[in-house]
Amino acid sequence: MEPTPNFDILPRHIGIIMDGNGRWAKKRGLNRFEGHKQGAKVFKTISDYALQLGIECVTFYAFSTENWKRPETEVNAIMDLFREYLFEAEEPQYKEKNARLHFIGSRDGVPEDIVQLMKNVEEDTKNNTGTIVNIAINYGGRDEILKSVKAIAKKVENGEIKADDITNDDITSNLYPSSSLDADLIIRPSGEYRLSNFLLWQSAYSEFWFADVLWPDFTIEDFNRALNDYANRNRRFGGV
Ligand code: FPP
């Protein structure tokens, strides 16, 4: 029998590293693109389920600031998947899902039509009241912290605040607003045990959940397992 999540204790913010698409495809003798395509389907299943559970915020790592190093054909194929999903999210029935879609990451270098679609979808879903679904595209945790530091430095330069008065809250409040909440749980499938520049500031006290399953094979049962484990963790935040 599958474990049932303890719905009394749900994470407020979950970060998910969608890893293993390439290996999933290779195992089947398919092009890596087929792995990303299947990964996009799983993204939709899990984001819908998070909405159904009433989770406040889920951040999916879709494309990092380092992923531009991949062959152009693969980058283009991933961009096409974003386009496909963004067109789908523009459909009126999508809005009825009640999720609030946000895109975190730098928009520099992202194709202009995709940036426009992102803006439309954010605008279309901004009055929804359900789960915030963040899709991290051209995102890097260091890049996000650097942006925050620069914004604060400007305030210091203008004499709005004193350097000595800078607080943790100042750094948090200058991150991407939709993902600045501390990440309670970070899920990484595919058997890798690293953070890969994801939600660096937000993960100071995150609980981590790793599994050998490749992202395209990740199921609602796996997600439930992660939630169940999370509900049984003893979080002390440095206290006793
Ligand atoms: C990491 O697996 C995956 C990516 C860099 C791309 C993730 C993108 C998707 C799942 C598509 C998302 C689409 C939408 C609509 C949000 P990998 O390629 O590094 O896998 P590997 O480690 O097995 O090679």
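First listed ligand is number 1; within each ligand, the first listed atom is number 1. Quick note: numbers below take in every heavy atom, side chains included, and nothing from hydrogens, waters or symmetry partners.
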For [Y], is there any backbone N or O sitting under 3.5 Å from a side-chain donor or acceptor partner on [X]?
X	Y	result
N98	T129	yes
T131	I55	yes
T59	S179	no

N or O contact, [X] vs ligand 1, cut-off under 3.5 Å:
X	value
Y61	no
F82	no
W24	no

Where is the nearest protein heavy atom to [atom]: which residue, which atom, and how far?
atom	result
atom 8 (C) of ligand 1	A62 O, 3.6 Å
atom 1 (C) of ligand 1	M18 O, 3.3 Å
atom 11 (C) of ligand 1	H36 O, 3.9 Å
atom 13 (C) of ligand 1	A40 CB, 3.7 Å
atom 9 (C) of ligand 1	N21 ND2, 3.9 Å
atom 5 (C) of ligand 1	N67 OD1, 3.5 Å
atom 22 (O) of ligand 1	R23 NH2, 3.0 Å
atom 15 (C) of ligand 1	Y85 CB, 3.4 Å

Exercise. Are N138 and W68 close enough that a side-chain donor and a side-chain acceptor fall under 3.5 Å?
Worked result: yes
Exercise. Does a side chain donor of either D170 or T167 reach within less than 3.5 Å of an acceptor in the other side chain?
Worked result: yes
For this session: Would you mind running through ligand 1 and noting each atom that sits below 4.0 Å from a heavy atom of R70?
Result: 5 (C), 17 (P), 18 (O), 19 (O)
For this session: Mind jotting down which residue pairs meet the ring-ring contact (aromatic ring centres under 6.0 Å, His included) criterion with at least one end in residues 181-200? Sequence neighbours excluded, please.
Result: Y61-F198, Y193-F210
Problem set entry | F43/Y85 aromatic ring centres below 6.0 Å |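 Yes, the ring centres sit under 6.0 Å apart.
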Exercise. At under 4.0 Å between heavy atoms, which part of R32 makes contact with ligand 1: side chain, backbone, both or neither?
Worked result: side chain
Problem set entry | E84 to ligand 1, any heavy atom closer than 4.0 Å |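 No; E84 lies far enough from ligand 1 that no heavy-atom distance drops under 4.0 Å.
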Exercise. Mind checking what makes side-chain hydrogen bond (donor to acceptor under 3.5 Å, both in side chains) contact with Q93, not counting sequence neighbours?
Worked result: none
Exercise. Tell me, do E56 and I132 make a side-chain contact under 4.5 Å, heavy atoms counted?
Worked result: no
